[in-house]
Undergrad: 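Before I ask anything, here is the structure I am working with.
Please read all numbers here as calculations on a predicted model, not as lab measurements.
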Amino acid sequence: MTRLLPLAVLLLCARASAGATPTPDEWQNAGFGRPLLTRVELESAYREVRAEPPSGRLTVHAVLPRGPRWTRTRVERHLRAAARVFARCGLMLDAAVLVEADAPARPSKFQKEGPGSLKHFIASSPLKERPVLYFFDGWSDLEDDRAFSSAPFTDGPLDDPALWESVFLPAGVDLPAYEEERRASPYSIAAHELLHVLTREGSHFNEEPRHLLNIWRSRSDAVRPDHCERALRHPSVRR
């Protein structure tokens with residue numbers, strides 16, 4: 001269930017997790033149009049899995065620049081899929097604060113670099129909470145629909161520390177070809193990238209039994225016990 005909560009309640013919940021979620025006025029002052037903040041409850045997802053007793057809790061943020069390809073319903077589906085995975089670790093994603101807004105200049109696709117880049121979009125955002133998942137339509141100058149994450153292990157065009165603790169999910173991750181691949185070996189792409197962030201593990205493995213940080217086509221929703229423990233030690237997790 002998604003709840004449209006009074007702003008005071010929403011901000012109180014967010015402050016309990018780490019710091020403060022920017023108000024709609026702060027988003028508008030930063031150049032974002034029609035900001036809408038909702039709290040996505042995730043605990044109902046745990047009824048669908050055999051969850052471990054809670055060892056830690058985490059509130060995540062999700063940002064959706066409005067565009068034609070992502071919808072709130074699809075974003076929530078990915079968030080709940082990730083919640084089910086981490087529940088098996090004893091790490092409860094207790095809620096997600098979802099921010100929907102028109103990006104400055106209203107792009108939903110971004111360049112890799114420059115004024116119209118995803119990096120520029122994030123730098124203009126008033127949200128400093130981490131971890132955060134960005135759901136965007138894709139690239140305007142590339143045909144690359146792979147999801148990726150940015151944390152201290154990264155080395156590339158998005159290695160700016162301001163972007164660390166972040167997951168980036170272009171809408172192409174839901175294309176039929178990707179869905180067909182995941183049908184053979186189902187796993188949550190949002191959980192995969194978030195696990196990279198929480199564990200600071202930049203490697204992919206090729207191991208049996210299959211697990212979430214394996215290479216593509218050899219993944220599953222299982223999480224190695226040592227990866228679970230590393231995720232639970234992330235500073236954003238409340239033990």
Undergrad: Tell me if the aromatic rings of Y134 and F148 count as close, with their centers under 6.0 Å from one another.
TA: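 Ring centroids of Y134 and F148 are no less than 6.0 Å from each other.
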Undergrad: List the steps, then state whether salt bridge (Lys or Arg N to Asp or Glu O under 4.0 Å) holds for D137 with K109.
TA: CA-CA 5 Å; D137 277 0; K109 288 190 172 185; over 6 Å; no
Undergrad: With heavy-atom distances below 4.5 Å as the criterion, would you say the side chains of F32 and P126 are in contact?
TA: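 Yes, close enough: below the 4.5 Å cut-off.
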Undergrad: Ignoring hydrogens and angles, tell me if any N or O in the side chain of R219 forms a donor-acceptor pair with the backbone of N214 under 3.5 Å.
TA: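 Yes, because the side chain of R219 sits within donor-acceptor range (under 3.5 Å) of the backbone of N214.
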Undergrad: We want to know whether H78 and S188 form a side-chain donor-acceptor pair, criterion being a heavy-atom distance below 3.5 angstrom.
TA: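 No, S188 and H78 have no side-chain donor paired with an acceptor closer than 3.5 Å.
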Undergrad: Minimum heavy-atom separation for L194 and P131, please, with both atom names.
TA: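 Minimum heavy-atom separation between L194 and P131: CD1-CB, 4.0 Å.
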Undergrad: Hey, does the side chain of T73 reach the backbone of T71 with a donor-acceptor pair shorter than 3.5 angstrom?
TA: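 Pair absent, no side-chain N/O of T73 close to backbone of T71.
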Undergrad: Apply salt bridge (Lys or Arg N to Asp or Glu O under 4.0 Å) to E165 and R200, showing your working.
TA: CA-CA 9 Å; E165 317 296 338; R200 305 288 202 273; 3.0 Å; yes
Undergrad: Show the nearest heavy-atom pair for residues S150 and V197, with the distance to one decimal.
TA: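 Taking S150 first and V197 second, the nearest heavy atoms are O-CG2, 4.2 Å.
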Undergrad: Any side-chain heavy-atom pair from W70 and V75 closer than 4.5 angstrom?
TA: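 Result yes, sub-4.5 Å side-chain heavy-atom pair found.
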Undergrad: Any non-hydrogen side-chain atom of T199 less than 4.5 Å from a side-chain atom of L213?
TA: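 Side-chain contact under 4.5 Å: yes.
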Undergrad: Is the shortest heavy-atom distance from the side chain of L198 to the side chain of L91 under 4.5 Å?
TA: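 They are in side-chain contact.
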Undergrad: Donor-acceptor pair, distance only, cut-off 3.5 Å: does the side chain of R66 make one with the backbone of R34?
TA: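 Yes: the side chain of R66 pairs with the backbone of R34.
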Undergrad: Just do the side-chain hydrogen bond (donor to acceptor under 3.5 Å, both in side chains) check on S220 and H211 with the steps written out, would you?
TA: CA-CA 5 Å; S220 76; H211 61 81; over 6 Å; no
Undergrad: Keeping E26 on the side-chain end and T23 on the backbone end, is there a donor-acceptor pair under 3.5 Å?
TA: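 Yes; at least one donor-acceptor contact below 3.5 Å.
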Undergrad: With salt bridge (Lys or Arg N to Asp or Glu O under 4.0 Å) as the test, would you mind laying out the steps for D94 and R39 before giving the verdict?
TA: CA-CA 10 Å; D94 51 8; R39 181 177 172 86; 5.2 Å; no
Undergrad: Where do L58 and R238 land on the side-chain contact (heavy atoms from CB on, under 4.5 Å) test, with the steps shown first?
TA: CA-CA 6 Å; L58 176 67; R238 309 186 302 281; 5.5 Å; no
Undergrad: Are F136 and S108 close enough that some pair of their side-chain heavy atoms sits under 4.5 Å apart?
TA: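 Answer no - side chains too far apart.
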Undergrad: Does the cation-pi check pass for R69 over F135, that is, NZ or CZ under 6.0 Å from the six-membered ring centre and within 45° of its axis?
TA: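 Negative - R69 is either too far from the ring of F135 or too far off its axis.
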Undergrad: Is R84 salt-bridged to D221, going by a charged N under 4.0 Å from an acidic O?
TA: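 Looking at D221 together with R84, the answer is no, because their closest N to O distance does not fall below 4.0 Å.
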Undergrad: So, for A147 and I189, which heavy atoms are closest and what is the spacing to 0.1 Å?
TA: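 Where A147 meets I189 most closely, the heavy atoms are CB-CG1, 3.8 Å.
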Undergrad: Test K119 against L163 for side-chain contact (heavy atoms from CB on, under 4.5 Å), laying out the working first.
TA: CA-CA 8 Å; K119 186 174 179 177; L163 311 184; 3.8 Å; yes
Undergrad: Restricting to non-hydrogen atoms, name the atom on L42 and the atom on A95 that form the minimum distance, rounded to 0.1 Å.
TA: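 Heavy atoms only, the tightest pair is CD1-C, 3.9 Å.
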Undergrad: Which value, rounded to the nearest 0.5 Å, describes the distance between L93 atom CG and E41 atom CD?
TA: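 Interatomic distance, L93 CG to E41 CD, rounded to 0.5 Å: 12.5 Å.
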Undergrad: With a 4.5 Å heavy-atom cut-off, do V63 and L133 have their side chains touching?
TA: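 The answer is no; the side chains never approach within 4.5 Å.
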Undergrad: Taking S117 for its side chain and F110 for its backbone only, find out whether a donor-acceptor pair lies under 3.5 Å.
TA: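 Not at all, since once roles are kept as given, no pair shorter than 3.5 Å links the two residues.
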Undergrad: To the nearest 0.5 Å, what is the distance between CG on L36 and CH2 on W27?
TA: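 With rounding to 0.5 Å, CG (L36) is 12.0 Å from CH2 (W27).
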Undergrad: Could you tell me whether a side-chain N or O of R57 sits under 3.5 Å from a main-chain N or O of R239, the two making a donor and an acceptor?
TA: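 Checked: no pair found.
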Undergrad: Does the side chain of V237 reach to within under 4.5 Å of the side chain of M92, using non-hydrogen atoms?
TA: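 No, too far: nothing below the 4.5 Å cut-off.
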Undergrad: Using the side-chain contact (heavy atoms from CB on, under 4.5 Å) rule, take L37 and E100 through it: C-alpha gap first, then chi angles, then the decisive distance, then the call.
TA: CA-CA 7 Å; L37 278 65; E100 298 173 76; over 6 Å; no
Undergrad: Find out whether L127 and V132 are in side-chain contact, i.e. whether some heavy atom of one side chain is under 4.5 Å from a heavy atom of the other.
TA: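 Yes, their side chains come closer than 4.5 Å.
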Undergrad: Report the distance from atom CG of L79 to atom CZ of R77, rounding to the nearest 0.5 Å.
TA: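 Answer rounded to 0.5 Å: 11.0 Å.
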Undergrad: Say whether H227 and H196, considering side chains only, have a donor N or O and an acceptor N or O under 3.5 Å apart.
TA: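 Result is no, nothing qualifies.
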Undergrad: Using 0.5 Å steps for rounding, measure from the CZ atom of F121 to the CD atom of Q111.
TA: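 Here the rounded value is 14.5 Å.
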Undergrad: Between E129 and T21, which heavy-atom pair has the shortest distance, and what is it?
TA: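 Here E129 and T21 meet closest at OE2-N, 4.0 Å.
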Undergrad: Got a sec: does the CZ of R106 have more than 12 other heavy atoms crowding it under 6.0 Å?
TA: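 Open: at most 12 neighbouring heavy atoms sit under 6.0 Å from CZ of R106.
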Undergrad: Would you give the length of the straight line joining atom NE2 of H234 to atom CG of L195, rounded to the nearest 0.5 angstrom?
TA: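 Going from NE2 on H234 over to CG on L195, the span is 11.0 Å.
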Undergrad: When rounded to the nearest 0.5 angstrom, what is the spacing between CD1 in I215 and OG in S203?
TA: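 So the CD1 of I215 and the OG of S203 are separated by 12.5 Å.
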Undergrad: Identify the two heavy atoms, one from A83 and one from A45, that lie closest to each other, and give their separation to 0.1 Å.
TA: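 For A83 versus A45, the nearest heavy atoms are CB-CB, 4.3 Å.
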